[in-house]
Amino acid sequence: LFWDASAESLGIGTTSPAQKLDVAGTAPNIRVTNTRQITWSGSEKLGGVEWHTVDTSANGPLTGASIYCENSEASTIPSFNIVFATQAHNNASAPIQRMRIADDGEISFYNAAGTTAKLFWDASAERLGIGTTSPTTDLHVYHPTSHSEIRVGTSGSSDSKVPAVSFNNTVVEWGIG
């Protein structure tokens, strides 16, 4: 353990830390240990990393992003889910969940509010859901208020190319373009 007072840097396994915290060694690991001895109820954070600024020139200080481990089970043993969260520019509220990797391998990408999974990988069934967290086929596309469409084209403009594949579940209609 080495403290470089002039650079205000801590070295673990090195006497010349290149960052504020520099951990050196053969395949070094950093461990975050939660010491609570409880019956887990769900949604408890077990630890994480935050990117924070104390800049008060706008809405600061604020935390702009975080990665943390969260329990999602009511049990005597916690589950270990990794959550990635970010905050919109210049917003002083807490970061919003953007992606979650569950302990069973399921991966969810969330809407702008961070409340609804809009892209979901079901690891046990090896299926991808867009707009659904219960995909029933290898690729399941769902929209609750309009027909789901898969578009393959060469332009980003919605009216410049006819979709290569289009299915409509509200009316018996299909086309290959």
When hydrophobic residues are tied together by side-chain contacts of less than 4.5 Å, even through go-betweens, does F109 share a cluster with V83?
no
Would you say the side chain of Q87 lies within less than 4.5 Å of the side chain of I96, judging by non-hydrogen atoms?
yes
Do S9 side-chain atoms and Q19 backbone N/O form a donor-acceptor pair below 3.5 Å?
yes
Taking every heavy atom of T136 against every heavy atom of R127, the minimum-distance pair comes out as O-NH1, 3.3 Å
Report the distance from atom OG of S108 to atom CZ of R98, rounding to the nearest 0.5 Å.
14.5 Å
What one should report as the nearest heavy-atom pair of G64 and P95 is C-CG, 4.2 Å
Please tell me if the side chains of L119 and L128 come closer than 4.5 Å, counting only heavy atoms from C-beta onward.
yes
So, does T115 use its side chain to make a donor-acceptor pair with the main chain of A113 at under 3.5 Å?
no
Determine whether F84 and Q97 make a side-chain contact, defined as any pair of heavy atoms from C-beta on separated by less than 4.5 Å.
no
Please determine whether side chain to side chain contact (heavy atoms under 4.5 Å, CB included) holds for the pair W40 and L46, giving the CA-CA distance in whole Å, both sets of side-chain angles, and the decisive distance to 0.1 Å.
CA-CA 11 Å; W40 300 88; L46 286 90; 4.2 Å; yes
Can you tell if the side chain of V32 reaches within under 4.5 Å of the side chain of N34, non-hydrogen atoms only?
no
Honestly curious: do W121 and M99 fall in one hydrophobic cluster under the side-chain, below-4.5 Å linking rule?
yes
Checking N81 against E70: is there a side-chain donor and acceptor pair closer than 3.5 Å?
no
Which heavy-atom pair separates Y68 from A85 by the least distance, and what is that distance?
CE2-CB, 4.3 Å
How many angstroms lie between CZ in F2 and OG in S16, if you round to the nearest 0.5 Å?
8.0 Å
Do L21 and I12 touch side chain to side chain, with heavy atoms closer than 4.5 Å?
yes
Are the side chain of T137 and the backbone N or O of L139 linked by a donor-acceptor pair below 3.5 Å?
yes
E106 vs D122 side-chain heavy atoms within contact, under 4.5 Å:
yes
Please answer: with hydrophobic residues joined when any side-chain heavy atoms are less than 4.5 Å apart, are Y110 and I82 in the same cluster?
no
Would a hydrophobic clustering, with Ile, Leu, Val, Met, Phe, Trp and Tyr connected at side-chain separations under 4.5 Å, put V23 with W3?
yes
For the pair I101 and F80, evaluate side chain to side chain contact (heavy atoms under 4.5 Å, CB included) and give the outcome as yes or no after the intermediate values.
CA-CA 9 Å; I101 303 173; F80 296 95; over 6 Å; no
Side chains of S79 and N71: does their closest heavy-atom pair fall under 4.5 Å?
yes
